[in-house]
Number of protein chains: 2
Amino acid sequence: MSATACPAETYRSPKRAAVLDAAGKLFLDNGYAAVSMDAVARQAGVSKATLYAYFTSKEALFAAVVANRCTAMAETLELAAVHDAPLDLALRRLGRHLLDFFLAPQVVTMFRIALGEGTRFPDLARAYYAAGPLAGRDRVTAWMEEEKRRFRLRADADPRLAAEHFISMLRGTVLLRGALGIPPTPSEAELDAAAAAAAEVIRRAYGAESGAEPATR
Amino acid sequence: MSATACPAETYRSPKRAAVLDAAGKLFLDNGYAAVSMDAVARQAGVSKATLYAYFTSKEALFAAVVANRCTAMAETLELAAVHDAPLDLALRRLGRHLLDFFLAPQVVTMFRIALGEGTRFPDLARAYYAAGPLAGRDRVTAWMEEEKRRFRLRADADPRLAAEHFISMLRGTVLLRGALGIPPTPSEAELDAAAAAAAEVIRRAYGAESGAEPATR
DNA sequence: GTCTATATTGGGATAGAC
DNA sequence: GTCTATCCCAATATAGAC
């Protein structure tokens, strides 16, 4: 995002950080159009003129916020060592982990905003896609590659495709309603069931053992 | 959507239809916030006052447009008789059909708008969800049920789940980039490949024949 | 750099004539 | 029902003092 370029000296200013924080909170709560620069200034405890001293326009501020939050959230997604379990169980744990991540309010809102404003701000859409979904998919792909190295996926399985399919099934099952803000919020049991269902499909389609029921059931 | 209630006599007025058409085009091209009531009036060839005579507010007009377009588009999705082919081939055809539908500009834009504005207009989000994704899923579920009735799905397969997983995999693979407006547009070959990949996963996970390669390959 | 105060525009909604 | 003309407010951006 080129708009975030900034003199190195003012970059770490506490006021700048305050503005970025305040703007992030407001944008992620209310969307782009609904937030005025007055509100940002008030929330940050600075004047509007100061705000414009750090960010040349509302759009530039928005872009900075998105870049900031995306990388911060991506670091939340820890896939660590969940390889030490039978494939089916490991997939279920990973799936549940991913689901919780997708449904986190900040992640949902970022998704909504990126889609809603993506047309008007192409830079924003690209930055979001690269820092968000693409980075996430790459991490799950790496996980699948490790599984394949352990001969737990079929020899002809495509790890990237397996990752995409797994993520997509997780997203689709519960996320659309969540992203649209349609109640009710899915229960723990529903989330577990969604993760288990997606895990079973992946195991059947990509797992090394032919098509039999898994040991962990 | 309660806001569309209207005296029966004025409902079919040509001016009303002109307004609805113009507003639909503008909203779907530019999103909600970027379209002014002036622009709608100009595009429709009526005055603003006339516009307000038919729709009490910008929001009411928007809700009417969404309801209108959603049902119109849903009728586009014809799943007709694609049962007369081996499961794998039938799934590939159905998948490609669904992908084309999902990627149609109007469908993409409606998706984006519903997500972007869904928080501020909960009625809109619900109307979209019911008339769009939910209706679509139900139709694919019916298709899966028919396949199961023909013993082409496993006896313990859940048609609704199979439909959700199929749709989700199709959506995920290419749609996110499309919805974000990130080039390049996927090629015909990529779309075919995406449909084939999702079809194979479904066949392996839900198909009646154990896990063997299909006859049509 | 930071503030207060203000210029300016754009757009949602309405009044009143016909 | 339809138009023209207008009100009015909100919000982006800036001018000028300290």
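We name chains A, B, ... by the order of the sequence lines, and we start the count at 1 in each one.
Under a 3.5 Å cut-off, the side chain of B/K148 and the backbone N or O of B/A157 do form a donor-acceptor pair.
Partners of B/D192 according to the salt bridge (charged side-chain N to carboxylate O under 4.0 Å, His left out) rule, which considers only residues two or more places apart in sequence or in another chain, are B/R96.
For the OP1/OP2 pair of D/dG1 and a distance below 4.0 Å, the side-chain nitrogens and oxygens of B/T50 include no atom meeting the criterion. Between A/Y54 and the phosphate of C/dG1, there is no side-chain N or O to OP1/OP2 separation shorter than 4.0 Å.
Look at CZ on A/R42: it is 19 Å from P on C/dT2, rounded to the nearest Å. The nearest whole Å value for the distance from the CG atom in A/L26 to the P atom in D/dA11 is 12 Å. In this structure, NZ of B/K15 is placed 7 Å from C1' of D/dT2, rounded to the nearest angstrom. Atom C1' of nucleotide C/dT2 and atom CZ of A/R16 are separated by 17 Å, given to the nearest angstrom.
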(request) Could you encode protein contacts along nucleotides 12-18 of chain C as a string, one character per nucleotide from 5' to 3', using B for base contact, S for sugar-phosphate-only contact and - for no contact, with a heavy-atom cut-off of under 4.0 Å? (result) BBBB---
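Between B/Y32 and B/F27, the ring-plane angle classifies as parallel under the 30° and 60° cut-offs.
Contact check on A/R92 versus A/D88 returns a salt bridge, with a Lys/Arg side-chain nitrogen under 4.0 Å from an Asp/Glu carboxylate oxygen.
For the atom pair A/L191 CG and A/L98 CG, the distance stands at 12.0 Å (nearest 0.5 Å). Put simply, NE2 on B/H165 and CD1 on A/I202 are 9.0 Å apart, with the number rounded to the nearest 0.5 Å.
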